[in-house]
Structures are given as C-alpha cells and as structure tokens.
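Okay, structure first, notes after.
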Amino acid sequence: MREILVSVHGNSLDVVPRLVVIDTVTANAREASFWLPPGFQRYMGLGISGRRIHILAVTFDDRTSLVTVDRATDEVELSPLPGVLDGHSVLAVGGELHAVSSGTDELVRFPLSDGRAQPRRQTAWRASDAGRDSHHMNSVLRLANGNMLVSAFGETSTGSKGDARDGYIFDVTANRPLATGIHHPHSVTERGGLLYYCESGSGRFCSEKGSVISLDGYVRGACWISDDLVCIGTSAGRAADRRGHYEADDCAVWIVDVNSGAVVTRIPLKEFGPEIYDIVLL
C-alpha cells in the first residue's frame, strides 16, 4: 500500500478545508484522521520531514501558520508564521522551514525546533521589492545538489494573475532562470535528473523536455510514487467574475505513467472540495 496526502480547499467561507488520504493501490480516498486546528480557510503546501507532516494553513485574510502533525503520536503543533501572507508551499530541510509567502513575493525561512517554527523570519529570496503579490510565487523545491528552486506566474501589465502567460522556474541559489514562458507554473518536482512541473493554465503536466499529458481541469499538485508513476491533481476552474464560484466540478487525482503519457487511475475528490493544492507521499 502506498498512500498520498492531498490538501483540498475552496475559495469561499462555506467550503471547509480538508486533508485527504488516498490509497494509490485501491484508489480509496478518506479524510485524514488526525485533528487539525479550526479557523483556517485553506490548507496549502504540504511537507514531510521524518515522522512529521508540515502543513501551511491560511486564514481568509491570508495570515499563515504552520501546522505540524507527529505521525507517531498524532500530536499537533501550531506555529504562526509572522510576515508570511498567503503562504503557498513549504519545505523543511536542515533544521529550517522554507515557506513561499506569495502575498509578499518572497521565499522566507524560519528555524525549526521540535517541529515548531521559531519566530525569527529571514528572507531567503524575493521576486520583487513590491511587498505584495506581483509575481505570484508558489512552489519551492530543493534539488539533489542542494539548490533551491521556486516557480512563479511572473508580472503582467494588468496586475491580474489571470493574464499571466510568462511564468518561470528560477534557481534562487544560482540566481538564474531555468525555464520561462510557462502559463501558470505550479508544483515543480525532480525525477531522474529532469525537472517536471504543472502548467496549470494550459492543463498540462510537463517535463523540461515537453508536455507529458493534458488533463481536464486546473492542473496543480504532483507527487511521485515510483520512477514511472506520478500523481497529479486537477481542480475545478474558478469563475473569473465571482469569488467562490466554479465553472466546472472536476476535482481529482490522476495516476499517470510518464513514459507512455497514459492515465492509470483517476480518483475523484469532488466530495471533499473543489480545489487541490498539494500532494505528498506518506
């Protein structure tokens, strides 16, 4: 049995955010059994560090906290992340927590102690000095060589994320772009020496060599369960003119063979919510 954890939420107050556990062999989906603190509008980035699960939890006004679950005891810790607005993705490595603060265009880090983030915020990298969401940074990845990457939508002339077409993947350690011209990049991963990512605006999962597969819905969230199989999330498309309303109902996890580009399994998640943000292997 190989299980994955999926963060599911909606873009309105009447949708309760959930964490969903999926058995990738049986395709059975269930809500995670551990207790989570109330008061959050969405669960976003997920990270695994040893026996701990790290979850970015965001309020309706974009204040962000770290929820840490000890998988051995089900003990839950809550750590506010000062200065992180609209937190998207999270990574725990080397005694530090790295979090994407989309609302301030920054990748920030905090010291970790016993799974709790300590309130000593440092900026690791910033996409701009705007102090607001002008590039829409989202995912963060640590490569095998230790370099840190981020993905972002990039600036637009209108200031609207919906108009972004020149998204990028940037190596913040080497201070250079690795890919540009991506329509809403998310969920950057590495496998077999290749970069993979979701091109959400085009409904595609891609490698740096080209498109792997096109799927119905807004493609976001990716997790490898083997060298050949990847789990990819698709979310319902938001209605452009009405917050909290959706143009389609398709929220699902797809298991895809990257060699053939074939769908192995589709696991519907509509009953849990309309949007997927992140997926990790438990």
Please report the C-alpha distance between D70 and R51 in whole Å, then the side-chain angles of each, then the deciding distance to 0.1 Å, and finally whether the salt bridge (charged side-chain N to carboxylate O under 4.0 Å, His left out) criterion is met.
CA-CA 6 Å; D70 189 315; R51 71 188 197 197; 2.8 Å; yes
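- The ring of H184 has its center closer than 6.0 angstrom to the ring center of F153.
- Side-chain atoms of S139 and H186 include no donor-acceptor pair closer than 3.5 Å.
- Under 3.5 Å, the side chains of D133 and S102 contain no donor-acceptor pair of N or O atoms.
- Between the side chains of D228 and S226, not a single donor N or O lies within less than 3.5 Å of an accepting N or O.
- In terms of modelled atom types and a separation under 3.5 Å, the side chain of S235 and the main chain of E275 share no donor-acceptor contact.
- Under the 4.5 Å side-chain contact rule for hydrophobic residues, L229 and I276 share a cluster.
- Every side-chain contact (heavy atoms from CB on, under 4.5 Å) that D278 has, sequence neighbours left out, goes to S7, L46.
- Judged by distance alone, with hydrogens and angles left aside, the side-chain atoms of T64 form a donor-acceptor pair with the main-chain N or O of G87 at under 3.5 Å.
- S101 contributes no side-chain N or O that, together with a main-chain N or O of V84, makes up a donor-acceptor pair within less than 3.5 Å.
- Follow the hydrophobic side-chain contacts under 4.5 Å out from I48 and you never reach V6; the two are in separate clusters.
- Using modelled atom types, one side-chain atom of E190 and one backbone atom of A144 make a donor-acceptor pair closer than 3.5 Å.
- Looking only at distances, a side-chain donor or acceptor of S200 sits under 3.5 Å from a matching main-chain atom of V219.
- Ring geometry, W125 versus F170: the interplanar angle falls under 30°, so the pair is classed parallel (tilted spans 30 to 60°).
- Under a 4.5 Å side-chain heavy-atom criterion applied to ILVMFWY residues, the cluster that includes V16 comprises that residue alone.
- One N or O on the side chain of D166 and one on the backbone of G181 form a donor-acceptor pair closer than 3.5 Å.
- Side chain of D171 to main chain of R176: no donor-acceptor pair is present (N/O by atom type, distance under 3.5 Å, no hydrogens or angles).
- Residue R109 places its CZ atom among more than 12 non-hydrogen atoms of other residues, nucleotides or ligands, all under 6.0 Å distant.
- I4 is connected to V264 through a chain of hydrophobic side-chain contacts under 4.5 Å among Ile, Leu, Val, Met, Phe, Trp and Tyr, so both are in one cluster.
- Classification of E3 and R30 as a salt-bridged pair holds, one side-chain N sitting under 4.0 Å from a carboxylate O.
- Side-chain N/O atoms of T234 and W254 include a donor and acceptor closer than 3.5 Å.
- Residue F110 holds its CZ atom at 10.0 Å from OG of S79, rounded to the nearest 0.5 Å.
- Counted by atom type alone, Y277 and S89 present one or more donor-acceptor pairs between their side chains at under 3.5 Å.
- Under a hydrophobic clustering in which Ile, Leu, Val, Met, Phe, Trp and Tyr are joined whenever their side-chain heavy atoms come within less than 4.5 Å, directly or via other members, M148 and V188 fall into different clusters.
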Do R220 and E199 pass the salt bridge (charged side-chain N to carboxylate O under 4.0 Å, His left out) test, and can you show the C-alpha distance, the side-chain angles, and the key distance before you say yes or no?
CA-CA 8 Å; R220 183 175 58 193; E199 186 170 32; over 6 Å; no
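- With respect to D62 and R42, a salt bridge is recorded, a charged nitrogen being found less than 4.0 Å from a carboxylate O.
- With sequence neighbours left out, the salt bridge (Lys or Arg N to Asp or Glu O under 4.0 Å) criterion links E77 to R116.
- One hydrophobic cluster holds both V230 and L215 under the rule that ILVMFWY side chains link at heavy-atom gaps under 4.5 Å.
- A donor and an acceptor atom, one from each side chain of T59 and Q41, are nowhere located under 3.5 Å apart.
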